[in-house]
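Reminder, nothing fancy here: chain letters follow the sequence lines and each chain counts from 1.
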Amino acid sequence: MNVNPTDVKFELKWYRARMPIFWWVHKWVHFRFILRELTSLAVAFYAITLLFYLRSLAEGPQMYEDFLAWMKTPLAVGLNIIAFVFVFFHSITWFNLAPKAISIRFGKMRIAGISIALMNYGAWIVITVVIFWFFIIGL
Amino acid sequence: MKKIIEPFWWTLFGAGGAIAALFIPVLLFLNGIAIPLGWIDTPRYEVLYALIKHPLIKLCLLGVISLSLFHWAHRFRFTLYDGLQLKHLNKLIAGICYGGALAATLSAVVILLQF
């Protein structure tokens with residue numbers, strides 16, 4: 001809240017040194033930060049793939065066959081392998097950061113960060129095993 | 001407005017990040033690598049179709065697609081700001097990112113209603 005509402009237009013302009021576009025390539029930690037942020041592209045890539053997968057199923061058996069044939073091309077497999085590496089990196093960095101974003105309390109007791117991370121990894125393993133089992137046995 | 005909308009985008013980003021972290025690696029590995037390379041049998045059309053007909057499965061699929069894309073929208077928006085120093089294109093980038101996620105969500109609804 002401004003004490004004097006008329007002072008808004010005199011807001012300070014901070015001096016900011018211009019950063020070169022590729023400021024993040026020189027140091028490994030910066031590069032890893034950008035790699036982590038870019039995992040969102042792999043996440044979006046799979047969400048869109050899933051959308052096309054569902055569309056092919058909605059349109060009938062022939063379209064489903066065509067979709068499967070496309071997924072078998074070296075280009076599709078290559079893209080999926082790269083996307084998998086990034087998505088895996090997303091999961092690990094996400095679960096490791098979870099304790100910093102989540103705080104669970106029981107009365108006065110605070111659940112330790114390591115337990116929150118372990119709960120996340122536990123859920124990840126359970127979901128992975130169930131879906132895997134489902135594809136092998138159920139489908 | 002900004003005070004309301006930014007936490008809203010962040011919440012979608014967080015929910016999408018968690019859903020993506022939990023579900024996408026296994027789904028991508030199965031559908032994108034193991035099945036195309038023949039390590040696991042291809043699911044039959046009729047079985048998959050019957051499965052997706054279930055309302056709960058539809059809801060899950062919509063959740064994974066939509067939240068993953070809102071996660072992307074928010075994170076990629078800031079990657080462009082910070083990584084490529086494009087802060088001055090704020091409105092255009094935000095519009096494309098969130099608009100894209102919304103468009104994909106709507107098309108997911110349309111597709112899932114066909115089952």
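Residue contact with chain A, scored on non-hydrogen atoms closer than 4.5 Å, is absent for B:Leu67. For chain A, the nearby parts of B:Phe13 are the backbone and the side chain; heavy atoms of each come within less than 4.5 Å. Only the side chain of B:Ile40 comes within contact range of chain A, with heavy atoms under 4.5 Å apart. Heavy atoms closer than 4.5 Å to chain B are found in the side chain of A:Trp23, but not in its backbone. Proximity to chain A (any heavy atom under 4.5 Å) is shown, for B:Leu22, by both the backbone and the side chain. Proximity to chain A (any heavy atom under 4.5 Å) is shown, for B:Ala18, by both the backbone and the side chain. Using a 4.5 Å cut-off between heavy atoms, B:Phe76 touches chain A through backbone and side chain atoms alike. Both the backbone and the side chain of B:Ile65 come within contact range of chain A, judged by heavy atoms closer than 4.5 Å.
Contact tally against chain B (heavy-atom pairs below 4.5 Å) for A:Asn80, A:Leu68, A:Ile81: the top residue is A:Asn80. Of all the listed residues (A:Phe86, A:Tyr53, A:Tyr46), the one sharing the greatest number of non-hydrogen pairs under 4.5 Å with chain B is A:Tyr46. Options A:Phe88, A:Phe45, A:Phe132 differ in how many heavy-atom pairs under 4.5 Å they form with chain B, and the most are formed by A:Phe132. By number of non-hydrogen pairs under 4.5 angstrom with chain A, the leading residue of B:Ile35, B:Val64, B:Val110, B:Leu27 is B:Leu27.
The aromatic rings of B:Phe78 and B:Tyr81 sit perpendicular to each other, their planes meeting at more than 60°, with 30° as the lower class boundary.
Open room surrounds CH2 on B:Trp10; 12 or fewer heavy atoms of other groups in view lie less than 6.0 Å from it.
Separating the CG atom in B:Leu61 from the CG atom in B:Leu56 is a distance of 10.0 Å, to the nearest 0.5 Å.
Hydrophobic cluster membership for A:Val85: none, as no Ile, Leu, Val, Met, Phe, Trp or Tyr side chain comes under 4.5 Å of it. Grouping Ile, Leu, Val, Met, Phe, Trp and Tyr by side-chain contacts under 4.5 Å, direct or through others, puts B:Ile96 with B:Leu92. If you chain together ILVMFWY residues whose side-chain heavy atoms come under 4.5 Å of each other, A:Ile125 ends up grouped with A:Val129.
The hydrophobic clustering, which links ILVMFWY residues whose side-chain heavy atoms are closer than 4.5 Å, places B:Ile33 and A:Ile136 together. Using a 4.5 Å cut-off between side-chain heavy atoms of Ile, Leu, Val, Met, Phe, Trp and Tyr, with links allowed through other members, A:Trp124 and A:Ile114 fall into different hydrophobic clusters.
Residues of residues 31-43 of chain A lying under 4.5 angstrom from chain B, judged on non-hydrogen atoms, are A:Ile34, A:Arg36, A:Glu37, A:Leu38, A:Thr39, A:Ser40, A:Leu41, A:Val43 by number.
Taking the six-membered ring for Trp, A:Phe67 and A:Phe52 have ring centres at least 6.0 Å apart.
Between the side chain of B:His71 and the main chain of B:Leu12, no donor-acceptor pair closer than 3.5 Å is present.
Residues B:Leu51 and A:Phe134 form a side-chain contact, since some pair of their non-hydrogen atoms from C-beta on lies under 4.5 Å apart.
Looking at B:Lys53 and B:Glu46, no side-chain N of the basic residue comes within less than 4.0 Å of a carboxylate O on the acidic one, giving no salt bridge.
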